[in-house]
Amino acid sequence: MTAAARNALPEQLVALLTEHLGIKAHPGDLTPATTFASLDMDSLDLMELVVAAEEEFGTVLPEDALDLAPTSTLADAARAFAHARHGR
């Protein structure tokens, strides 16, 4: 696996952020190290992200799987979504 592949964010997460939540960032500018706070997202925005993810993935994400805060990174969210989707 290349470094670029390891550092890539899931396309579904990028789409949720840019299309559903209307985050004004070029998808190529979103990196695993990007924080929600740097995107001007607050706790309410994170709740909207969780609801959108549940609709997109067709599952209810357990509360303990998504302990996200504005200081969380997009990599944190990607891991949380992946673990919740795979039942881990």
Practice item. Look at the side chain of T18 and the backbone N and O of V14, then say whether any donor-acceptor pair between them is shorter than 3.5 Å. Key: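 Indeed, once roles are kept as given, a pair shorter than 3.5 Å links the two residues.
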Point to revise | Gap between atom CG of L39 and atom CG of L74 - 0.5 Å precision | key: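 Answer for the CG-CG pair, L74 versus L39, is 6.0 Å.
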Point to revise | Separation between CG of L49 and CG of L44, rounded to the nearest 0.5 Å | key: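 If we round to the nearest 0.5 Å, L49:CG and L44:CG are 11.5 Å apart.
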What's the shortest heavy-atom distance between [X] and [Y], and which atoms?
X	Y	value
L13	A77	CD2-CB, 4.3 Å
L9	A75	CD2-N, 4.3 Å
M41	P70	O-CB, 3.8 Å

Check your understanding: Which side chain to side chain donor-acceptor pair (under 3.5 Å) pairs, counting each pair once, include a residue from residues 37-53, with sequence neighbours left out?
Key ->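 As it turns out, the side chain to side chain donor-acceptor pair (under 3.5 Å) pairs with a partner in residues 37-53, which skip direct neighbours, are T35-S38.
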Review point. Do L46 and F36 come close enough that some side-chain heavy atom pair is under 4.5 Å?
Key: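 Yes, at least one pair of side-chain atoms sits under 4.5 Å.
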**Study point:** Results of side chain to side chain contact (heavy atoms under 4.5 Å, CB included) for E56 - residues two or more places apart only
**Key:**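 If we apply the side chain to side chain contact (heavy atoms under 4.5 Å, CB included) test to E56, skipping adjacent residues, the hits are Q12, L16.
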Practice item. Go through the structure and list residues passing side chain to side chain donor-acceptor pair (under 3.5 Å) with T73, not counting sequence neighbours. Key: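 For T73, the residues satisfying side chain to side chain donor-acceptor pair (under 3.5 Å) (neighbours in sequence not counted) are D76.
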Check your understanding: How would you list all residue pairs meeting salt bridge (charged side-chain N to carboxylate O under 4.0 Å, His left out) that involve residues 16-25, not counting sequence neighbours?
Key ->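 Passing the test, one end in residues 16-25: no pairs.
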